[in-house]
Amino acid sequence: MPRFELKPEQHQISRLFDYSQIEQFIVPVFQRPYSWKLPQCEQLWEDIKVAYTQMHSTQSNTNSRPNTGETDTAYFLGSIIVYPNSDNKKALNIIDGQQRITTIMLLLRAIYTTIENKSKLCEFSGEEEQSQYKGLLNRLGLMLWKPKDLLSLESAVDKDTPRLKRDNTDNNDINFANIMKYGKLDDSEDIITSSKMILEEYDKLSRNGNRGHSFNNLLASNECVNYAFFIQKCNTDLTELKGLFAFLYAYCYILLINTDSSESALDTFDILNNRGIQLADADIFKNKISQTYTENHINSFKEDWLLLTNALKYNDEGAPIANQTITLDGIFRHYMYAVRMSSKSEELIISKSKEPRLRDFYTRNPLGKKQLKDPAFLGSIRQMTKFLLLTLDFDLSDSDHSLFDNICIEDLVDTQVRYDINLLNKYQKLGKWQYLISTFWYCYKSIAHKQPKAFRSKFKRFIRYSTSVLFLKSILTGSSGDADIPFLCEKIALHAAAEGLIPPLESSFGISPQLDSKIIENRQILSGEIIRHRDEKTDVSRLDEAREILSGDTSKLNYLVLLYTYSFDETAALQDNHQALLIGNPEKQPILLNSTIEHILPQKWQTYYGPYWLHDCSDDEALVNEYVEHLGNKIILPRDRNIRASDRPFASKLHLYGETNRATSSITFELMQFIAEHQNTAEWTRCDVDKRTHKMIDAIINYIQSGIEGGIA
C-alpha cells in the first residue's frame with residue numbers, strides 16, 4: 001500500500017470555520033447528493049440540546065468559563081475526511097462528512113436568520129443587548145460566508161460566496177444557494193410561516209406514503225425540509241438560542257482528518273467505514289473519471305454522468321423505469337466483463353474465468369484504469385446501458401425504443417431474439433447470462449450504426465446459440481450454466497476479432513468446457529439422455545428418468561415446458577404473422593410474461609380423475625403421481641386461470657383454458673392448438689400424456705439442435 005500523510009486534528013466549530021485557517025470546504029463533483037432527512041436532523045438537534053442542557057445544569061454561567069479547550073462537557077459531532085484543493089491551498093475537498101457539514105451549515109443559517117429577523121423587529125431590550133446580538137451575527141456571518149475585508153474581524157460578508165461550495169449537485173443546489181444567500185424558502189417574507197407549512201405538508205405526504213401526491217421543488221429537496229425544521233426549532237427565546245449557539249461554537253467538536261490526496265482520502269474512508277454503508281464503487285469511479293476532465297470541461301462531465309445515471313432511472317419519456325434491477329455498480333460490472341472477455345490474456349492480472357473485485361479492476365488493473373481515462377468511456381458505457389435495458393425490457397412503449405443517433409431497438413433486435421431473451425430471463429432472472437448481451441454489444445457496436453441489419457442477424461444467431469447451449473447444459477447436468485458464460489462471451493469476442501471489429505485476440509479457455517456439439521449429432525442420443533428408457537413399441541415414457549437427469553429438480557422440468565411453449569409460439573408467430581401474439585407486445589400477450597405451470601392431470605387427481613387413472617395405471621397410485629409430473633402433463637397458463645382450473649374435470653378445464661377477457665386478451669399458440677386438438681375429447685388419458693411428452697421432446701431437441709448447429713455468428 002502506498003505511503004501517505006495523515007493528519008487528524010480535533011477542531012471546535014469556531015476553529016473549523018476560522019477563515020484564516022480554512023477558507024472554503026468543497027464537496028467534489030463525484031460525491032453523492034445530500035441525503036440527510038428529518039430523522040437525522042431531529043437526532044442531531046436533540047443530541048446537541050441534551051449535551052447543552054447537561055452542561056448548563058453543571059455550570060451556573062456558561063459564558064463565565066474561559067475557552068480552555070477542555071472537553072469534559074463537549075459534544076463530538078463526528079469526523080470529516082478531507083484533502084487539499086488543487087486550486088486553493090486553504091480550501092479542502094470533502095471525501096467523507098459532507099452530510100454533516102451541510103447540515104451544520106443549515107443549522108447555523110437558521111440561527112442567523114432567526115436573530116436577524118428578531119433584530120429587524122426590534123425585539124432587543126436595549127442598545128447593549130442589540131450590540132451583543134450584532135456581534136453574534138458577525139461571528140455567525142464569518143462562519144457562513146467569505147468576509148469582504150480579509151483584514152477585519154468585523155468585516156461585512158459576501159453572501160454570494162458561502163464557506164461550503166458544492167460541486168456535486170444540480171437543481172437542489174439552487175435551493176441550498178437561495179437558503180444561504182437569502183435565508184428564505186420562498187417569496188414570502190415570513191420564514192416562520194413558510195417553514196411551518198413545508199413541514200406540515202411533508203408530514204402529510206410521509207404519513208400517506210406519498211400516494212396521490214407529487215413533491216414540489218421545495219419538498220423534494222432535503223435541504224429545504226431540513227432548513228425548515230431548524231427554523232422552527234430556533235424560533236425560541238433569544239437568550240436560550242444565544243446559549244445554544246455559544247455551546248455549539250465552543251463545545252462542539254469535529255475530528256478533521258487531513259490527507260495529502262484524493263486517493264489517500266478514499267483509502268482512509270474505506271478503513272474508517274468498514275462497518276455500515278460504504279462508498280459505492282461507482283462513486284470511486286466517478287472521482288477517477290472526473291479527474292480526467294479539465295476545469296473548463298467539468299460541466300460536460302456533470303452532464304455526461306447525469307445522462308448515464310438517468311438512463312438507469314428513466315425511460316425516454318422521463319417516466320421512472322419500473323422494477324429496475326440493474327444498478328450503477330452493475331453497469332460498471334457489465335462493462336468490465338465485456339472488456340476482459342475482449343482483451344488479450346496477457347493484459348489481465350486475473351484469469352478470465354475468475355471474476356475480479358470490481359473496484360480492484362478499475363483502480364489497480366492497467367486494463368481497467370485505462371477505461372476510466374478514456375474520454376469516450378462515459379458515452380460508451382451509456383450506450384451499453386441503453387442497449388442492455390432496452391433489450392431486457394419487455395414493457396416498452398413505441399416511444400421508448402429510441403436508442404441513440406436515430407437508431408431504434410427494432411433495427412437491432414428482432415422477434416426471435418425477444419423470444420430467446422425472455423426465455424433466458426424466465427430461466428435465470430438475475431443470472432450472469434445478461435453478460436452475453438453486454439459483451440456482444442461491446443464487440444459489435446461499431447457496425448450497429450453502419451449495418452444494423454448485419455448486427456441484428458449476428459445478435460440473433462449468438463443469442464439462439466447461447467440459449468441452446470445453456471438449456472442443453474441444464475438438461476444434461478441440472479446446472480444453471482453460469483460457468484459457461486465466460487466461454488460464450490469470449491467466443492463472440494474471438495469472432496469479432498476475426499472480423500477486425502476489435503483488436504486481435506487469443507483464446508484463454510482453449511477447448512469448450514464440455515460443450516462439444518458432438519453430443520447433439522444424433523437426436524436419438526439426446527432423446528435417450530432426456531428419457532433413457534423409451535419403449536418404442538408402446539411409445540410409453542417414464543418421466544421419473546427425466547427427473548433423475550435433472551437432479552430431481554422439478555423446476556428445471558418446468559423450464560422445459562416453457563422452452564417448448566416458446567419454440568412452438570415463435571414458429572407459429574413467425575410463420576402465420578400473428579403479430580398480436582408476439583412476446584414483445586405485453587398488452588396483447590401478457591400470458592408468457594406472467595405465466596405459471598398448470599398440471600392438466602391435477603396434483604389432487606383423486607376427486608374427478610381417480611377411478612379412470614387408477615384403472616389405466618393398474619391401481620398403482622405411485623405411477624399416477626409420476627404422470628402428474630410428466631413433461632406432457634404440463635402446460636403454460638395465466639396465473640389467474642391456473643388457480644381457477646385447480647382440479648376441475650377435464651372438459652370444464654378445457655373451457656377455462658380458452659377463456660379471454662380484457663385483462664388477458666390472448667393465449668399462447670400452443671394453448672390454442674391444445675384446445676383445438678382436445679375440444680371433443682371427454683378425458684385426459686395416460687396415452688395423451690405420453691404422446692404430448694414425445695411431441696414436446698422432439699420440439700425441444702429441434703430447438704437446441706438448430707441453435708447449436710446454426711453457430712455463433
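We number each residue from 1, following the sequence as shown. Computation of the quantities below employed the complete heavy-atom set of this structure, encompassing side-chain atoms and omitting hydrogens, waters and symmetry-equivalent molecules.
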Whether D281 side chain and D329 backbone form a donor-acceptor pair below 3.5 Å: no

H334/Y337 aromatic ring centres below 6.0 Å: no

Under 3.5 Å donor-acceptor, T596 side chain and L637 backbone: yes

Heavy-atom closest contact (M341 atom, P486 atom, distance): SD-O, 3.6 Å

Flag for Y703-D420: side-chain donor and acceptor within less than 3.5 Å: yes

N/O donor-acceptor pairs under 3.5 Å from side chains in residues 601-608, not counting sequence neighbours:
unit_1 : atom_1 : unit_2 : atom_2 : d
W605   : NE1    : N625   : OD1    : 2.9

Any R456 side-chain heavy atom under 4.5 Å of D411 side chain: no

Smallest separation among heavy atoms of S343 and L505, with atom names: O-CD1, 2.8 Å

Side chain proximity check, L631 to V689, heavy atoms < 4.5 angstrom: no

Verdict with supporting geometry, L358 and M336, side chain to side chain contact (heavy atoms under 4.5 Å, CB included): CA-CA 8 Å; L358 186 62; M336 175 190 75; 4.0 Å; yes

For D360, salt bridge (charged side-chain N to carboxylate O under 4.0 Å, His left out) partners two or more places apart: R357, R364

Exam field: side chain S457 to backbone K453, donor-acceptor pair closer than 3.5 Å: no

Spacing of I675 atom CD1 and L671 atom CG [to the nearest 0.5 Å]: 4.0 Å

Residues which pass side chain to side chain contact (heavy atoms under 4.5 Å, CB included) with A496, listed by chain and number, not counting sequence neighbours: C443, Y444, L501, I502

Atom pair CD1 (I492) and OH (Y442), whose distance is rounded to the nearest 0.5 Å: 14.5 Å

Atom pair OH (Y612) and SG (C617), whose distance is rounded to the nearest 0.5 Å: 9.5 Å

Main-chain N/O of P649 paired with W684 side-chain donor or acceptor, under 3.5 Å: no

Shortest non-hydrogen separation from L412 to A448 and the atoms involved: CD2-O, 3.9 Å

H615 (side chain) donor-acceptor with P611 (main chain) under 3.5 angstrom: no

Side-chain touch I447/K458, heavy atoms, less than 4.5 angstrom: yes

Rounded distance [0.5 Å steps], CG in D616 versus OH in Y627: 8.0 Å

By salt bridge (charged side-chain N to carboxylate O under 4.0 Å, His left out) - contacts of R333 (at least two apart): E355

Nearest non-hydrogen partners of R648 and S652, listed with the distance: CD-OG, 3.4 Å

R644 vs E598, salt bridge (charged side-chain N to carboxylate O under 4.0 Å, His left out): CA-CA, chis, key distance, verdict: CA-CA 11 Å; R644 287 189 289 133; E598 151 75 355; over 6 Å; no

Where K445 and F455 come nearest, the two heavy atoms and their spacing: N-CE1, 4.5 Å

Pair Y335, S380: side-chain N/O donor-acceptor within cut-off below 3.5 Å: yes

I421 side, atom CD1; L436 side, atom CG - distance, nearest 0.5 Å: 9.0 Å

Full working for side chain to side chain contact (heavy atoms under 4.5 Å, CB included) between L614 and Y609: CA-CA 8 Å; L614 282 174; Y609 300 82; over 6 Å; no

Donor-acceptor contact present, side-chain S438 to main-chain Y435, <3.5 Å: yes

Residue pair K491 / S466, side-chain donor-acceptor N/O under 3.5 Å: no

Full working for side chain to side chain contact (heavy atoms under 4.5 Å, CB included) between I331 and I381: CA-CA 8 Å; I331 287 299; I381 198 171; 3.5 Å; yes

Under the side chain to side chain donor-acceptor pair (under 3.5 Å) test, residues paired with R692 that sit two or more places apart: E670

Under 3.5 Å donor-acceptor, R461 side chain and G710 backbone: yes

W433 side chain near L488 side chain, heavy-atom distance below 4.5 Å: no

Distance flag, aromatic centroids of F387 and F440, threshold under 6.0 Å: no

Nearest-0.5 Å distance, CG of residue L560 to NZ of residue K634: 9.5 Å

W441 and F462 aromatic centres sub-6.0 Å: no

Donor + acceptor pair across side chains of T693, D690 (<3.5 Å): no

L389 vs T385 side-chain heavy atoms within contact, under 4.5 Å: yes

Residue list, side chain to side chain donor-acceptor pair (under 3.5 Å) with Q673, at least two apart or on another chain: E677

Evaluation steps, side chain to side chain contact (heavy atoms under 4.5 Å, CB included), between L390 and V413: CA-CA 10 Å; L390 289 173; V413 180; over 6 Å; no

Residue pair G632 / I600: nearest heavy atoms and the distance that separates them: O-CD1, 4.1 Å

